Amino acid sequence: MLTLIFFTFMFTGSKSKHVFLDWPTRAVICVETATGLAFLHEEAEPHIVHRDIKASNILLDGNFHPKIGDFGLAKLFPDNVTHVSTRVAGTIGYLAPEYALLGQLTKKADVYSFGVLLLEIISGRSSSKAAFGEELLVLVEWAWKLREEGRLLDIVDPELTAYAEDEVIRFVKVALFCTQAVAHQRPSMKQVVEMLSKQVHLNEKALTEPGVYRASSSRRGSRGASSEETSSSQAEKGKHSMTALKIQSQYDDPDSMTQMSPR
């Protein structure tokens, strides 16, 4: 039975609600959440796209094992469907840019949201509240900047004093694979599970810059960008608010994202 523990406790300022999670616990949350999403995308019949993966929708039981909650925005994906054209729903900070702009939903929108969540778990920072540096970068942009500067470990939550550096770096890089601007270049959730679970060498030559969507309007409902901030006119307004969405073919086969490390 689920306890009333939300992963957002990490992001609240209240000490009475704050729950410290060490790195092994966070790693398990990452892998098990990815496994749950992979089940929804590949094994559930029909397949399911959640559309609102974020910290507050990840419930933790008494042993800090995650459960994906709130399926109110979920869409069913039959096997023969590649995408669904729909009103945009979700939360600013987690929205895949191509979905926010065009309203064309694929499983890769969940992959993008999971990548943002992954960065939040590692950093202990909320993507919707934090801004970094003079450029006021959002979390995914900051992670990319740190990678470019060879300082990926700077993203780690200061409360974490003991962790496996190689594993944390791999998790951050997986998050960057998940948040690439071009949806087709993101891994599937099944691939994400493998990348998080195994000692694999990530092929960074295949990694491209993340995409970010910023709403042009500051008016938000209680669910962030949720169901109301969703018309095609809103998408049109946001065209100039999106950064790093490169014009690339969605059908070109990307290079392999992982290479198994030799035993």
Side-chain angles (χ1 to χ4, degrees), residues 4-23 25-30 32-34 37 50-60 64 66-70 73 88-97 99-100 109-147 151-160 163 168 171-172 174-176 178-179 210-215 217-226 229 238 241-244:
L4 296 179
I5 298 175
F6 289 82
F7 187 59
T8 44
F9 278 2
M10 286 185 61
F11 308 133
T12 64
S14 170
K15 291 185 180 296
S16 63
K17 293 183 177 181
H18 188 81
V19 178
F20 173 72
L21 301 177
D22 61 17
W23 172 248
T25 302
R26 297 189 201 201
V28 168
I29 292 170
C30 295
E32 292 188 356
T33 301
L37 269 175
H50 188 280
R51 288 209 297 171
D52 202 19
I53 293 298
K54 58 182 179 180
S56 60
N57 285 339
I58 306 302
L59 297 165
L60 303 181
F64 298 103
K67 310 290 182 182
I68 299 173
D70 193 351
L73 299 179
V88 179
T91 303
I92 291 295
Y94 297 88
L95 287 175
Y99 173 48
D110 275 356
V111 175
Y112 182 95
S113 300
F114 175 78
V116 175
L117 175 65
L118 196 54
L119 291 176
E120 290 184 321
I121 293 172
I122 295 166
S123 68
R125 296 170 171 90
S126 169
S127 68
S128 61
K129 296 178 182 178
F132 304 92
E134 295 179 358
E135 305 97 328
L136 297 179
L137 303 176
V138 298
L139 189 57
V140 292
E141 292 173 317
W142 186 48
W144 180 263
K145 184 174 187 291
L146 292 177
R147 174 190 174 270
R151 300 188 295 122
L152 269 184
L153 289 177
D154 285 4
I155 201 173
V156 177
D157 187 345
E159 288 195 7
L160 286 175
Y163 52 88
V168 170
F171 275 45
V172 175
V174 171
L176 290 173
C178 290
T179 54
V212 177
Y213 172 77
R214 292 182 176 87
S217 170
S218 61
R219 291 177 297 174
R220 299 179 189 173
S222 60
R223 300 181 67 93
S226 70
E229 196 178 345
S241 301
M242 184 192 67
T243 61

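Just so it is clear, the structure is predicted and the values come from calculations on it, not from any experiment.
- When every heavy atom of Ala27 is checked against every heavy atom of Phe171, the shortest pair comes out as CA-CE2, 3.9 Å.
- Defined by atom type and a distance below 3.5 Å, a donor-acceptor pair is missing between the side-chain atoms of Asp110 and Ser113.
- Atom NZ of Lys54 sits about 10.0 Å away from atom CG of Leu95, to the nearest 0.5 Å.
- Remark: Ile29 CD1 to Leu118 CG distance equals 11.5 Å, nearest 0.5 Å.
- Each of Leu117, Ile68, Thr91, Asp52 was checked for a side-chain contact (heavy atoms from CB on, under 4.5 Å) with Asn57, and the lone residue meeting it is Asp52.
- Atom CD1 in Ile122 sits 10.5 Å away from atom CG in Asp157 (nearest 0.5 Å).
- Residues Cys178 and Gly115 share a closest heavy-atom pair of CB-CA, 3.7 Å.
- Gly93 and Ser127 make their closest contact through O-OG, 3.6 Å (heavy atoms, listed as atom of the first residue, atom of the second, distance).
- Among Leu153, Leu152, Asp154, the one residue that satisfies the side-chain contact (heavy atoms from CB on, under 4.5 Å) test with Val156 is Leu153.
- Contact of the Tyr94 side chain with the Glu120 side chain is registered, since non-hydrogen atoms from C-beta on lie closer than 4.5 Å.
- Here the CH2-CG distance, from Trp142 to Leu119, works out to 10.0 Å after rounding to the nearest 0.5 Å.
- In this structure, the separation between CZ on Phe20 and CZ on Arg26 is 6.0 Å, given to the nearest 0.5 Å.
- Closest approach of Pro97 and Tyr213 over heavy atoms only: CA-CB, 4.0 Å.
- Proximity of a side-chain donor or acceptor of Ser123 to a complementary backbone N or O of Ile155 within less than 3.5 Å is not detected.
- The shortest distance between side-chain heavy atoms of Val140 and Tyr112 falls below 4.5 Å.
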